[in-house]
Amino acid sequence: MQTLSDSNTVAVLGGGAAGFFGAIACAEANPRLMVYLIEKTGKLLSKVRISGGGRCNVTHACESPTQLAQHYPRGGKQLKEAFREFDARATIAWFEQRSVALKTESDGRMFPTTDSSETIAQCLLDAAQRAGVRILQQTNAEEIAPQSGGGFHLRLTGAQAQEMQVARLLIATGGAPKSESYQWLRQLGHTVAEPVPSLFTFNVPESPLRELPGVSVPNVRVRVAGEKLEYEGPILVTHWGVSGPAVLKLSAWGARRLHELNYESTALVSWVPAHTEETLRQWLHTFRDQNGRKTVESNPLFGLPQRLWRTLTDQAGISAEMRWSELPAKLQNRLIESLLRTPLPVRGKTTYKEEFVTCGGIVLGEVNMHTMESRRVPGLYFAGEVLDIDGITGGFNFQAAWTTGYLAGRAMAASNS
């Protein structure tokens, strides 16, 4: 087993978005450094490749660091200053300088114009190669020992087994669902906010909507009964329950509370979030006066899909032939209740597609957010989801990875110049 020792050697643990961005930023800022990127699996940039349905939601169109920071249930306040140094506009410019153009969709999400995540992955791989980053795959840092005179001793196992002395070390190993996965970071002297899942869908095995998989509504309000948790946005009915941005974002903001509830609650869906009970009742009163001869079931209101409307009217006890002029007050009240508060008994969660995001990680008070250097261990840096930072869906988690990776990489390069 060979030993590599050089005061101009730095290492990055983790071959994901934050790790690559950190390694590239470091190598580009200081070409004299030997920058090693160490990935324990045989796969590089795996989350980049699967994100956004294989299109890679690179970032989100936000005009200011303040606006951008508002989309992080954890870490937003601390990220605001970091975004002043590298924000969404900087991300767009970074990729454009490397011949990758991004486009903005109607909801603000930004993708490569190729609509292929491989474009982003290949850009990062090419940039790392040009910068001289040395990539070690299927190699694990089995042991990390801070040295009394500075730097770290690494014992690497696997395909590129060796002993390595590095002057600086960036940890960008991502989030992990189990607390014990962070034990090695606790042993380095850091505090870890206990990990719990974020960005997940709701399992509703006894769903009143179970016959409607595939039905989507562009804007609803989802609220957790008895809690101060709600979110407005699109919803998608699935075979197992409900998904879509409204549910995913609600799960992010409520990650810790929903964990405490053991993912069992009642989600109340308002299909007409612009209405209160009073305004909805007045609207229906006017509609009935003008459309009394129309049958209730066959004429969906508020732009709701026909299948959903039929389900709501059936559950209210309204027959297929009943006209608006014949609708009893009792059945109208049931319909109003369904439109404003359809109850979904949530019994568990499901990971969104193949992605997972973790709420939890290295406590931010122990990290200098301008440089991403540990306040506890000199020369140790962090980037990406290993930190107690997570954003809602829409490109925000990647933006945090780019920003923290960039700041860490530049700081490591400067400290060795």
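Side-chain atoms are counted along with the backbone in the values below, which use heavy atoms only and exclude waters and symmetry mates. Residues take their numbers from the sequence shown, with the count starting at 1. Please read all numbers here as calculations on a predicted model, not as lab measurements.
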- Closest contact, heavy atoms only, I392 versus Y231: CD1-OH, 3.7 Å
- Query: Is the side chain of E105 donor-acceptor paired with the backbone N or O of K103 at a distance under 3.5 Å, no angle test?
  - Reply: no
- Note on the structure: T173 meets the side chain to side chain contact (heavy atoms under 4.5 Å, CB included) criterion, sequence neighbours left out, with L13, I171, W184, V386
- Query: If every non-hydrogen atom of A29 is compared with every non-hydrogen atom of A413, which pair is closest and at what distance?
  - Reply: CB-CB, 3.6 Å
- From N219 atom CG to S270 atom OG, the distance as rounded to the nearest 0.5 Å: 9.0 Å
- Side-chain donor/acceptor of R168 to backbone N/O of G409, under 3.5 Å: no
- Task: Check salt bridge (charged side-chain N to carboxylate O under 4.0 Å, His left out) between R310 and all other residues, then give those that pass, not counting sequence neighbours.
- Result: E297
- If you take all heavy atoms of S243 and T238, which pair is closest and at what distance? CB-CG2, 3.8 Å
- Contacts satisfying salt bridge (Lys or Arg N to Asp or Glu O under 4.0 Å) that involve residues 390-401 (not counting sequence neighbours) are R74-D390
- Message: Quiz question: by atom type and distance under 3.5 Å, do the side chains of T311 and E211 form a donor-acceptor pair?
- Response: no
- Residue pairs passing the ring-ring contact (aromatic ring centres under 6.0 Å, His included) test with at least one member in residues 362-394, sequence neighbours excluded, are H190-F382
- Tell me, do L301 and W283 make a side-chain contact under 4.5 Å, heavy atoms counted? yes
- Starting at OH of Y72, measure out to CD1 of I389 and round the result to the nearest 0.5 Å. 8.5 Å
- Message: side chain to side chain contact (heavy atoms under 4.5 Å, CB included), that's the test. Do S338 and I336 meet it? Break it down for me.
- Response: CA-CA 5 Å; S338 289; I336 289 172; over 6 Å; no
- Message: Please list all pairs meeting salt bridge (Lys or Arg N to Asp or Glu O under 4.0 Å) that have one or both residues in residues 141-154, counting only residues at least two apart or in different chains.
- Response: E143-R155
Quick one: side chains of residues 119-132, donor-acceptor pairs under 3.5 Å with protein atoms, not counting sequence neighbours, listed by atom name and distance.
residue : atom : partner : partner atom : Å
T119    : OG1  : T114    : OG1          : 2.6
T119    : OG1  : S116    : O            : 3.3
Q122    : NE2  : D126    : OD1          : 2.9

- Where do D87 and T403 land on the side chain to side chain contact (heavy atoms under 4.5 Å, CB included) test, with the steps shown first? CA-CA 7 Å; D87 64 357; T403 296; 5.9 Å; no
- Here the gap from T191 atom OG1 to D388 atom CG, rounded to the nearest 0.5 Å, amounts to 11.0 Å
- Does any donor atom in the side chain of S179 or R186 lie under 3.5 Å from an acceptor atom in the other side chain? yes
- With R221, which residues qualify under salt bridge (charged side-chain N to carboxylate O under 4.0 Å, His left out), at least two apart? E230, E232
- Can you find a pair of side-chain heavy atoms, one from M369 and one from V367, that are under 4.5 Å apart? yes
Please tabulate, one pair per line, all N/O donor-acceptor pairs under 3.5 Å involving side-chain atoms of residues 247-261, not counting sequence neighbours.
residue : atom : partner : partner atom : Å
S251    : OG   : L199    : N            : 3.2
S251    : OG   : F200    : N            : 2.9
S251    : OG   : F200    : O            : 3.4
S251    : OG   : L248    : O            : 2.6
R256    : NH1  : E194    : O            : 2.9
R256    : NH2  : E194    : O            : 2.8
R257    : NE   : E227    : OE1          : 3.0
R257    : NE   : E227    : OE2          : 3.3
R257    : NH1  : E260    : OE1          : 3.0
R257    : NH2  : E227    : OE2          : 3.0
H259    : ND1  : Y263    : OH           : 3.2

- Spacing of L209 atom CG and R307 atom CZ [to the nearest 0.5 Å]: 10.5 Å
- Item | Pairing residues for R334 by the salt bridge (charged side-chain N to carboxylate O under 4.0 Å, His left out) criterion, not counting sequence neighbours | none
- Message: Using only atom types and a distance under 3.5 Å, with no angle test, would you say the side chain of Q137 pairs donor to acceptor with the backbone of E39?
- Response: no
- Do any N or O atoms from the side chain of N57 and from the backbone of T59 form a donor-acceptor pair under 3.5 angstrom? yes
- Message: Measuring only between side-chain heavy atoms, which start at C-beta, is Y36 closer than 4.5 Å to V166?
- Response: no
- Does the side chain of R134 come within less than 4.5 Å of Q160's, by heavy atoms? no
- Side-chain donor/acceptor of E373 to backbone N/O of G379, under 3.5 Å: yes
- Item | Residue pair A17 / L45: nearest heavy atoms and the distance that separates them | N-CD2, 4.0 Å
- Evaluate whether atom CD of E206 has more than 12 neighbouring non-hydrogen atoms of other residues, nucleotides or ligands under 6.0 angstrom away. no
- By salt bridge (charged side-chain N to carboxylate O under 4.0 Å, His left out) - contacts of R347 (at least two apart): none
- Query: Between E81 and R84, is there a side-chain N and carboxylate O pair less than 4.0 Å apart?
  - Reply: yes
- Query: For Y182, what residues pass the ring pair (Phe, Tyr, Trp, His ring centres under 6.0 Å) criterion, not counting sequence neighbours?
  - Reply: none
- Message: Heavy-atom count check: over 12 atoms from other residues, nucleotides or ligands less than 6.0 Å from K349 NZ?
- Response: yes
- Task: Can you establish whether the number of heavy atoms outside E278 located under 6.0 Å from its atom CD is more than 12?
- Result: no
- Message: Testing the basics here: between M412 and C26, what is the closest heavy-atom pair and its distance to 0.1 Å?
- Response: CB-SG, 4.0 Å
- Quick one: are T91 and M110 in side-chain contact, heavy atoms under 4.5 Å? no
- Does any donor atom in the side chain of N203 or T350 lie under 3.5 Å from an acceptor atom in the other side chain? yes
- Task: Write down the atom of T295, the atom of N299, and the distance for their closest heavy-atom approach.
- Result: O-ND2, 2.8 Å
- Message: Using the rule given for side chain to side chain contact (heavy atoms under 4.5 Å, CB included), can you reason through H60 versus R109, listing the C-alpha separation, both sets of side-chain angles and the distance that settles it, and then say yes or no?
- Response: CA-CA 5 Å; H60 201 95; R109 294 181 301 161; 4.1 Å; yes
- Query: Are side-chain heavy atoms of L304 and L312 found at a separation under 4.5 Å?
  - Reply: yes
- Message: Can you tell me how far apart CD1 (I235) and CG (L344) are? Round to the nearest 0.5 Å.
- Response: 6.5 Å
- Any pair counted as ring-ring contact (aromatic ring centres under 6.0 Å, His included), so long as it reaches residues 89-138, sequence neighbours left out: F21-W94, F95-W402
- Task: Side-chain contact test, heavy atoms from C-beta onward, threshold under 4.5 Å: evaluate it for T404 versus L79 and give yes or no.
- Result: yes
- Message: Could you walk me through whether V272 and L280 satisfy the side chain to side chain contact (heavy atoms under 4.5 Å, CB included) test, starting with their C-alpha distance in whole Å, then the side-chain angles of each, then the deciding distance to 0.1 Å, before giving a yes or no?
- Response: CA-CA 8 Å; V272 286; L280 179 58; 4.2 Å; yes
- Answer whether the closest heavy-atom distance between the side chains of N140 and L156 falls below 4.5 Å. no
- Message: Nearest 0.5 Å, please: how far is CD in Q399 from SG in C62?
- Response: 8.5 Å
